[in-house]
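What follows is a short report on a single structure.
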Number of protein chains: 2
Amino acid sequence: MKQFTKHNTRNSLRRIFLYHGLLLRLKSMGVTRVFSYTLAESAGVTPEQVRKDFSEYCIRGNRRGGYLTASLLDEMEVLFRRDRVTNVILVGMGNLGQALSKYGLFIQRGINIVATFDIDPYKQKSRADNQVYSPERMQEIIDRFHVTVAIVAVPDVSAQEVCNELIGMGIRGIVNFAPVLPRVPAYVVVNNVNLSDEIESVIWSVSRMREKQSLFL
Amino acid sequence: MKQFTKHNTRNSLRRIFLYHGLLLRLKSMGVTRVFSYTLAESAGVTPEQVRKDFSEYCIRGNRRGGYLTASLLDEMEVLFRRDRVTNVILVGMGNLGQALSKYGLFIQRGINIVATFDIDPYKQKSRADNQVYSPERMQEIIDRFHVTVAIVAVPDVSAQEVCNELIGMGIRGIVNFAPVLPRVPAYVVVNNVNLSDEIESVIWSVSRMREKQSLFL
DNA sequence: GGATTAATGTGAAACAATTCACAAAACATA
DNA sequence: TATGTTTTGTGAATTGTTTCACATTAATCC
């Protein structure tokens, strides 16, 4: 097993996944060899950054030859467990949950939503193509499919409760779309995604930029 | 107009929006007064961090008295333009686009999707409740509603082209859900959101944590 | 009204991340 | 095989961010 001595940072991990996505695209475009500056260019970072990031995860290139797209991808996929499909569950089948359950890119990336859950009995019935389960069956499905990661897309008021239940049933990683930060034990990983915040920060950056610019008009 | 001498960082801006969301909840729960440690606790950061972040945006509290929820919110909303509704457009009405167009939390946060666009004529017709426009009408609508920010939820292959067109029509901020990083001029703000990456990074963190733990079993 | 307490605000210190600069390696060419 | 060129890999320098420590302020209590 590989050891990462340095405490690899959240930022470098994010970038690694970004590189991975870019590499998939490059490979599909028939690019067999990439250089640190190729990736840097597409990722909007410096070439040194790319090399440092790879170095942190003990990914080596070939001096003068750069990296072979295919073997770099293989190495990354083994390293980051993307060589196998991971079963996840999705809790909360509101608008966002329904979209996520149908989002085609997940399965392309080895993310398999094995089951979706909602407390609303109407939602449980309504979808013939994609069965929505009652939360009662959660434990059973988590056990059967060895699920450790859940996507939470429930309303803010139920988010904490749902997270607590999931953790009690063995879930160890949560991608949380509810606009609250759930409180979890240290052995559980949470990634909070707040769609409103993402848009608001752009709105603000734009309006600030316009103000600055208008000073020079 | 307020001046921010310090170059406020991306992280502190993200946290500011997080605090804002937390404050909205606290206010709705009837909390009239908050302290830096109240917010720190909910946001998962240190109290000093909260105070530094506020300080960076010239937001002042009352020594010993902390912050009054309502006036802090007012101040933030004026400062970050959340006291008015901002019109945005949404391009790409696939699964994700459709979910985003119906996502109730946007309007709660003053984000108004004034129009949605898709090249697929079938999608343009199909929705009686929520008209989907042909891209031909984009310029007209951008001008009419003074839109400067767009949400892009198109497939990866068309993302760059769509962004170019949007920028040509006056868009200055893009929230990009396509799994590519669009190349844009310096006067355009882009925020890339990659849902697969968010999930993959959790999957990896969990599997790494389990490996570490198994060493001690 | 002075003493006490509980909070903020912030410069300084510690820590983390990025960029720089260049040695080491691999390949090409003659 | 020697030489030149290109690219990686990484220690050192720089830059950025967070935490610490404490002076400052406001409220409360005798």
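Just the heavy atoms: all of them, side chains too, but no hydrogens, waters or symmetry mates, feed the values below. Chain A is the first sequence line, chain B the second, and so forth, proteins listed ahead of strands; every chain is numbered from 1.
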- Query: If only atom types and distance count, is the side chain of B:D118 paired as donor or acceptor with the main-chain N or O of B:M93 below 3.5 Å?
  - Reply: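 The answer is yes, because a donor-acceptor pair under 3.5 Å joins these two groups.
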
- Does a side-chain N or O from B:N11 land closer than 4.0 Å to OP1 or OP2 of D:dT18, or not?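 For D:dT18, OP1/OP2 do have a side-chain N/O of B:N11 under 4.0 Å.
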
Can you tell me the distance, in whole Å, between the [atom1] atom of [X] and the [atom2] atom of [N]?
X	N	atom1	atom2	result
A:R10	C:dT18	CZ	P	14 Å
B:Y57	C:dT10	OH	C1'	17 Å
B:R60	C:dA7	CZ	C1'	15 Å
A:E41	D:dT7	CD	P	14 Å
A:D53	C:dT18	CG	P	7 Å

- Message: Going by the rule salt bridge (Lys or Arg N to Asp or Glu O under 4.0 Å), which residues pair with B:D74 if we only count those two or more places apart in sequence or in a different chain?
- Response: none

- Item | Qualifying residues under ring-ring contact (aromatic ring centres under 6.0 Å, His included), relative to B:Y19, sequence neighbours excluded |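 Here the qualifying residues are B:F54.
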
- Item | Contacts of A:F145 that satisfy ring-ring contact (aromatic ring centres under 6.0 Å, His included) - sequence neighbours left out |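 Testing A:F145 for ring-ring contact (aromatic ring centres under 6.0 Å, His included), a comparison that skips the adjacent residues, returns none.
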
- What are the residues of residues 31-39 of chain A, sorted by number, that bring a heavy atom to within less than 4.0 Å of DNA chain D? A:F35, A:S36, A:Y37

- Is the shortest side-chain N to carboxylate O distance from B:R14 to A:E198 below 4.0 Å? yes

- Item | salt_bridge(B:R183, A:E41) N-O dist < 4.0 Å | yes

- Task: Mind telling me whether A:Y103 and A:F106 have parallel, tilted or perpendicular rings, with 30° and 60° as the class edges?
- Result: perpendicular

- Task: Scan nucleotides 19-26 of chain C nucleotide by nucleotide, 5' to 3', and note B when protein non-hydrogen atoms come under 4.0 Å of the base, S if they reach only the sugar-phosphate, - if neither.
- Result: BBB-BBBB

Nearest non-hydrogen partners of [X] and [Y], listed with the distance:
X	Y	answer
A:I171	A:I174	CG2-CG1, 4.0 Å
B:L181	A:A43	CD1-O, 3.4 Å
A:K102	B:N95	O-ND2, 3.0 Å

- Message: For a quick check of understanding: with a heavy-atom distance under 4.0 Å over all strands, which category does B:Y67 fall into, base, sugar-phosphate or nothing?
- Response: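 Sugar-phosphate only.
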
- Item | Net bend of the helix from C:dG1-D:dC30 to C:dA30-D:dT1, end axes of five pairs each, nearest 10 degrees | 10°

- Crowding at CD1, B:I119 (>12 non-hydrogen neighbours, <6.0 Å):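 No - once you tally the heavy atoms of other residues, nucleotides and ligands closer than 6.0 Å, there are 12 at most.
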
